[in-house]
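Some notes on the structure that comes next.
Numbering of ligands and ligand atoms starts at 1, following listing order. Every value quoted in this text rests on a predicted model; they were computed, and no experiment measured them.
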Amino acid sequence: MLSDVITELQALGLRIEGSLHKRDGGAGPAEGGTVMIDSVPAHVPLSSGYVARSPYVLYADDSGCSWLAKDGKALFPAEIVRRPKFYDYVTEDQVDYWKIALLHGKDCIASTVIQTCSYWNPADRCRFCGIELSLRDGGTIKEKTPAQLAEVIARARELDSVSHVVLTTGAIRPSAREMDHLAACAATIKKVCTIPIHVQFLPPPNLDTLYALKAAGVDSVGIHIESFDFDVLSRVAPVKAAIGLDGYDKVWQKAVEIFGENQVSSFVIVGLGEKESTILEGCEFMADRGVYPFVVPFRPIPGTLMQDSKPPDPALMKRLYESVVTMLRKKGLSSSRSLAGCVRCGACSAVQVYEEEKKRDVVCRPARNRSELAEAMAIRREVFVEEQELFSKSDIDEHDPESVQIIAEFAGEIIGTVRVFPKQGSASEWIGGRLAVRKGCRIHRAGVLLVREAMRCVKQKGCIRFTAHIQERNVRYFSRLGWKAVGPAEVYHGKPHQLMEADLSRV
Ligand code: SF4
């Protein structure tokens, strides 16, 4: 599967013949270059020492087509992202365009607007970051002006069809003047083209600066905690550790209020020494707030304080991607909803590929809005009124207003539903019912998954006894899910039903 291949590539690296445009420095945690693998952009390690031992190689066949191969076996057509045309230009003040901004992924243009950081000293700096390395190598300039950025981005949009912008920056303390500079850059870019803009920054001391970014035309923001293990964070990013989870949470919540759910993100770097459970708990903490956890494997940048560290085990990354993507779907977060930035680009992570592959799985969760609720009711009507003729006009009753309506989603469509509601006068007893899966969609185990989600949902609400009146012909089906018959069968809506109780210890 493509997801497995990209996960391994990002951990093991890609051996490559010939020259390739690649990132050696820059802000953040990744060295490497972008390769299109079966039309999916993947930013992979190219020059770290361990890459020489990678089983993956990019080679050209006799006809000139390039392929990704593992252990000598061709896997996918793959090609190096071409050098963009805008790199050949210089600004009005005679700076090479490629020193102002670079092409990232397949269609993102990225710039570090202030290439210095107040914390760039051995005690304070983030040990994985290479922000000032490219300055030392002459690969960029210290500070990009709003006018330079607007000129370069307008040209890149015209010549190379870039479709979104990432602006990142070093932190300037105590003034935090990088926030004003980001806003000025965004406003000037938006004057020359209507391209979505994402900006990344350290939590600012003054939250009003977030409103200024929004007013300047910024569409999404990245406020990166990097790790939820504060022992690890104190070691690798002491300034971020000192801000603390509460400090991040305050800024994330304000940012979600201003920019909206799914438009706020944070890198979660895997492989800094943290526990697997900490990563998942942290991702859930963020997702609960509408913040997208952008999970990436740690990739040591040559020249940084962590240059000799290794990327994480691909098997760990696969487990994490699987769990995080399921979690994201349940919370309604998706990279496809991101307007701009790393979450939209996706090249430094394999999370987008897992999201795509997971679309073929059924996911069950409570309905989130009126249209999902209406779709659930339409399915109930199709099944109970039209198909089974249990009700003549409508199956909606007095329990619906207090019910949690759970839905099953498959390939972007709602295909099934079940409801749960508390028994009158009791917080610990819940009743389930109206389990319905659309005709033609009953091959995806949606019914089983809906029942399990209903059990999980009521248990989370403190339920101790969960019952349902089950049509007699479905009693065996529920027995296999651990439900037990209680008392004799009864006639309910003209058909024999059996009261059954769930074994909530199975959740
Ligand atoms: S994910 Fe972010 S850092 Fe990575 S290539 Fe894309 S824009 Fe650049």
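Because the distance cut-off is set at 2.8 Å, C345 fails to qualify as a neighbour of atom 8 (Fe) of ligand 1, as none of its N, O or S atoms comes that close. Among the backbone and side-chain atoms of C348, an N, O or S atom lies under 2.8 Å from atom 4 (Fe) of ligand 1.
A salt bridge links E276 to R319: at least one charged side-chain nitrogen sits closer than 4.0 Å to a carboxylate oxygen. With respect to the salt-bridge test (charged N to carboxylate O, under 4.0 angstrom), the residues E8 and K70 qualify. A salt bridge links D160 with R82; the closest basic N to acidic carboxylate O contact falls under 4.0 Å. For the pair E257 and K254, the salt-bridge criterion is met [side-chain N within less than 4.0 Å of a carboxylate O].
Of all the atoms in ligand 1, the ones that sit under 4.0 Å from a non-hydrogen atom of H104 are 3 (S), 5 (S), 7 (S), 8 (Fe). Short contacts between ligand 1 and C342, defined as distances under 4.0 Å to a heavy atom of the residue, involve ligand atoms 1 (S), 2 (Fe), 3 (S), 7 (S).
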